There are 2 protein chains.
Amino acid sequence: MKSAKKLNNTQLPKISVAKMEGACQEVSDLLRALSHPQRLLIMGHLTQGPKTVTELTGLCAVSQSQLSQFLGRMKAEGLVSSERQGKYQYYAVADKRLVQLMAVIQNIFCC
Amino acid sequence: MKSAKKLNNTQLPKISVAKMEGACQEVSDLLRALSHPQRLLIMGHLTQGPKTVTELTGLCAVSQSQLSQFLGRMKAEGLVSSERQGKYQYYAVADKRLVQLMAVIQNIFCC
DNA sequence: TTTTCATATTAACATATCATAATATGTTAA
DNA sequence: TTAACATATTATGATATGTTAATATGAAAA
């Protein structure tokens, strides 16, 4: 408990840059896919449960075309999955880790 | 404990989309500023403590020019701060919340 | 004061993204 | 089968980003 260094170590989260090196391309792709106000909001809504494109149109201020393009891209990037049910296409968060991430982002930056 | 819904609620992190709406522009700007493999790595290294541009050049595979441009942008976006000491410019993570975020990202996605 | 080292800026071009409009496809109901 | 609704695709132009090379600034050492 003596040195400032040790004290510091107990306060700061432990980060391994080495581990990050192997994943930085994948992670930065993910962050980029999230890095649009509307896409972030879409993800936020989808963390609440699957939604149709029509429902999302009501929830986000985006045109049908752009919403479809956003969802297409987010699906290609692995952020969301989709499943057709009748005439509706349901989109959902593809990976529980993304729900975690969204929750953390909100807790840290949306107070 | 009966319904699947309640069970679900206890497992999922709580997210308020309303809170996110007010911050989504700011947050998406932040995520975009992080959304480059080298910038992510730079941030990773800076979470370990302040570094000079020369040190970072040794740690990341980026040209001097690009590194300086990245750092300039990251500073403009509020991700890092800088302080000149003699002939060296020290860069550091600007906000503890960013260290938190980096740690979470690593824990979730860099296993 | 000249040289050297550290860092920043500018220019130029390729590629990616954003936003909008128009059109196409797929599904259900009439 | 046609009409109506839900979703996807394509095209286009504006803007942003990534990358590299060249040059400029600023501090310290010789």
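A quick note: this is a predicted structure, and the numbers were derived from the prediction, not measured. By convention in this document, chain letters (A, B, ...) are assigned in the order of the sequence lines, proteins followed by strands, and residues within each chain are numbered from 1.
Between the side chains of B:S68 and B:Q64, no donor-acceptor pair is found at a separation under 3.5 Å.
Atoms OG1 and CG, on B:T57 and B:L67 in that order, are 4.5 Å from each other to the nearest 0.5 Å.
Atom CD of B:Q89 and atom P of C:dA8 are 5 Å apart (whole Å). Computed from coordinates, the B:Y88 OH to C:dT7 P distance equals 7 Å when rounded to whole Å. The nearest whole Å value for the distance from the CD atom in B:Q64 to the C1' atom in D:dT19 is 14 Å.
Under a hydrophobic clustering in which Ile, Leu, Val, Met, Phe, Trp and Tyr are joined whenever their side-chain heavy atoms come within less than 4.5 Å, directly or via other members, A:I108 and A:I15 fall into the same cluster. Hydrophobic clustering (side-chain heavy atoms under 4.5 Å, transitive across Ile, Leu, Val, Met, Phe, Trp, Tyr) keeps B:Y91 apart from B:Y88. There is a path of hydrophobic side-chain contacts, each under 4.5 Å, that joins B:L79 to B:V53.
Residues from residues 67-75 of chain A lying near DNA chain D, meaning a heavy-atom separation below 4.0 Å, are A:S68, A:Q69 in numerical order. Against DNA chain D, the stretch residues 55-62 of chain B makes no heavy-atom approach under 4.0 Å. Near DNA chain D, defined here as any heavy-atom distance below 4.0 Å, the residues from residues 20-42 of chain B are B:R32, B:H36, B:R39, listed numerically.
Residue A:Y91 has a polar side-chain atom (N or O) positioned under 4.0 Å from OP1 or OP2 of D:dA8. A sub-4.0 Å separation between OP1 or OP2 of C:dA19 and a side-chain N or O of A:Q66 is present.
Residue contacts shown for A:S65 include a base, since a base heavy atom lies under 4.0 Å away.
Under a 3.5 Å cut-off, the side chain of A:Q106 and the backbone N or O of B:S16 do form a donor-acceptor pair. Between the side chain of A:R39 and the backbone N or O of A:M74 there is no donor-acceptor pair closer than 3.5 Å. Looking only at distances, no side-chain donor or acceptor of B:Q66 sits under 3.5 Å from a matching main-chain atom of B:S63. At least one donor-acceptor pair under 3.5 Å links the side chain of B:R84 to the backbone N or O of B:G86.
Shown are A:L46, A:L71, A:V80; of these, the side-chain contact (heavy atoms from CB on, under 4.5 Å) with A:K51 is made only by A:L46.
When all heavy atoms are compared, the tightest approach of B:P50 to B:E55 is O-OE1, 4.3 Å.
Across all strands shown, the partner of C:dT27 is D:dA4, judged by Watson-Crick or G-U wobble contacts whose two distances both fall under 3.5 Å. In this structure, C:dT7 and D:dA24 make a Watson-Crick or G-U wobble pair, each of the two defining distances being under 3.5 angstrom.
Along DNA chain D, the nucleotide nearest to B:S63 and the one nearest to B:Q85 differ in position, and the one closer to the 5' end is contacted by B:S63.
When distances run from any side-chain atom of B:K87 to the nucleotides D:dT7, C:dA8, C:dC5, the shortest one goes to C:dC5.
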